[in-house]
Amino acid sequence: MCVKVFTALYGLTNAAERARALRDAGASGVATFEGPHDVFAPLTLAAAVGGLDLLTNVAIAFPRNPIHLAHQANDHQLLSGGRFILGLGTQVRPQIEKRFGAQFDRPVARMTEMIAALRAIFDAWNSGGRLDFRGDYYRHTLMTPAFNPGPNPHGPPPIYIGALGPKLTRAAAEHADGLLVMPFGSKRFLHHATMPAVRDGLRASGRQADDFTVIPEIIVSAGDTDADRERADVGTRALLAFYGSTPAYRPVLAAHGWEDLQPELNAMSKQGRWLDMGGLISDEMMHTMAACGTPADVAAHIRDRVDGISDTVCLYQPAPIGLDTLGAIIDELGG
């Protein structure tokens, strides 16, 4: 099986140059995340680079209005010639309420309505029909010609949802075009928790598996040399500890009997002991939840995890992987 690879597009001012280098290394797509820079801006620059799909992974939905998101997504679909995917996520309550100052109540219902609102906006633009969306959280009933971009020759961009819990995963499979499986995971969690929820959602929508895309995100710890790989492992342990400290991610640990680690990591995070937390991530935990080692080792882990589920993955990196190593991983995956 040939596995297509999305990889992170780090940086802003050099985004087009970096995207070109990632494409030449064999990547099928590039993805951005909410961090120190806007999630859309690097993709605006990368859109000029042909041969790459573009993905927000993810744009945090609730602080944004559906109209804002629709314009950004539609513009990137135009700029890229139909190669854009709008990936949306909920984040967690403290981030939404304390960092963004936005509402987080009933996140699954709110996200489901966000998808419906976006679809209504896209439909009004592409069909010329009246915009008349009235929901519990969003209301869009006015679209005058001055603000209507008109039909997109590439069609509306697909909407993917990042999810981990069963309710949001099921809702994504019922209402969205694809699922971005959260990177804090494992083969067991993917096959025995995520995919049953996906199948439930597809049954509810009357769709088949071929109508829906699943992209597992997999944390990768790799480097060109032994020293590089050791440094990458330190970063990977820290990342896993950060995720593991979050109560919402406890089910992943519980799938392997490690659930008692979550409150311990959470307590350490509240004490500001970020540098110590990675020491609680054992080798078994790291190799279960991340693809580690040589390019061949990484590719073997990825193939084993996604076999029978997807032919596309997104590599989640604690730090940028060198182009030679990335190219070797992609070669091993047959990309």
Start with the C-alpha gap between T294 and D297, add the side-chain angles, then the distance that decides, and say whether side-chain hydrogen bond (donor to acceptor under 3.5 Å, both in side chains) holds. CA-CA 5 Å; T294 66; D297 295 331; 3.0 Å; yes

List the steps, then state whether side-chain hydrogen bond (donor to acceptor under 3.5 Å, both in side chains) holds for N266 with S245. CA-CA 4 Å; N266 185 261; S245 70; 5.1 Å; no

Dump the intermediate steps for side-chain contact (heavy atoms from CB on, under 4.5 Å) on V306 and I218, then the final yes or no. CA-CA 10 Å; V306 307; I218 299 177; 4.0 Å; yes

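Within a 6.0 Å sphere centred on NE2 of H68, heavy atoms belonging to other residues, nucleotides or ligands number 12 at most. In the displayed structure, R106 atom CZ is contacted under 6.0 Å by at most 12 heavy atoms of other residues, nucleotides or ligands. Surrounding CD of Q103 are at most 12 heavy atoms belonging to other residues, nucleotides or ligands under 6.0 Å away. The neighbour count for Q208 CD, taken as heavy atoms of other residues, nucleotides or ligands under 6.0 Å away, does not exceed 12.
Of the inter-residue distances, the one linking N57 atom CG with I85 atom CD1 reads 9.5 Å to the nearest 0.5 angstrom. Atom CE in M111 sits 4.5 Å away from atom CD1 in I161 (nearest 0.5 Å). Between N152 atom CG and F122 atom CZ the span is 8.5 Å, to the nearest 0.5 Å. Of the inter-residue distances, the one linking L79 atom CG with L54 atom CG reads 9.5 Å to the nearest 0.5 angstrom. The structure places CG of L9 at 9.0 Å from CG of L12, a figure rounded to the nearest 0.5 Å.
Side-chain polar atoms of H175 and S205 form no donor-acceptor pair below 3.5 angstrom. Side chains of T7 and Q317: a donor on one and an acceptor on the other come within 3.5 Å. Remark: the T225 side chain and the D228 side chain contain an N/O donor-acceptor pair separated by less than 3.5 Å. The closest side-chain donor-acceptor pair between S186 and R188, if any, does not fall under 3.5 angstrom.
Counting side-chain heavy-atom gaps under 4.5 Å among Ile, Leu, Val, Met, Phe, Trp and Tyr, the cluster of L239 also holds L164, M182, F184, F189, I219, L240, F242, Y243, Y249, V252, L253, W258, L261, L265, M268, W274, M277, L280, I281, M285, M286, M289, Y316. Cluster partners of M195, using a side-chain heavy-atom cutoff of under 4.5 Å among ILVMFWY residues and allowing indirect links, are L179, V181, L190, V198, L202, F212, V214, I309.
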Result block: side-chain N/O donor-acceptor pairs under 3.5 angstrom for residues 141-150, not counting sequence neighbours:
from	atom 1	to	atom 2	distance (Å)
N148	OD1	G150	N	2.8

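Tracing side-chain contacts under 4.5 Å through hydrophobic residues (I, L, V, M, F, W, Y), one never reaches F84 starting from L78; they form parts of separate clusters.
Ring geometry for Y10 against F33 counts as perpendicular: the plane angle is over 60°, on a 0 to 90° scale with 30° as the lower cut. Relative orientation of the H140 and F133 rings is tilted, given thresholds of 30° and 60° on the angle between their planes.
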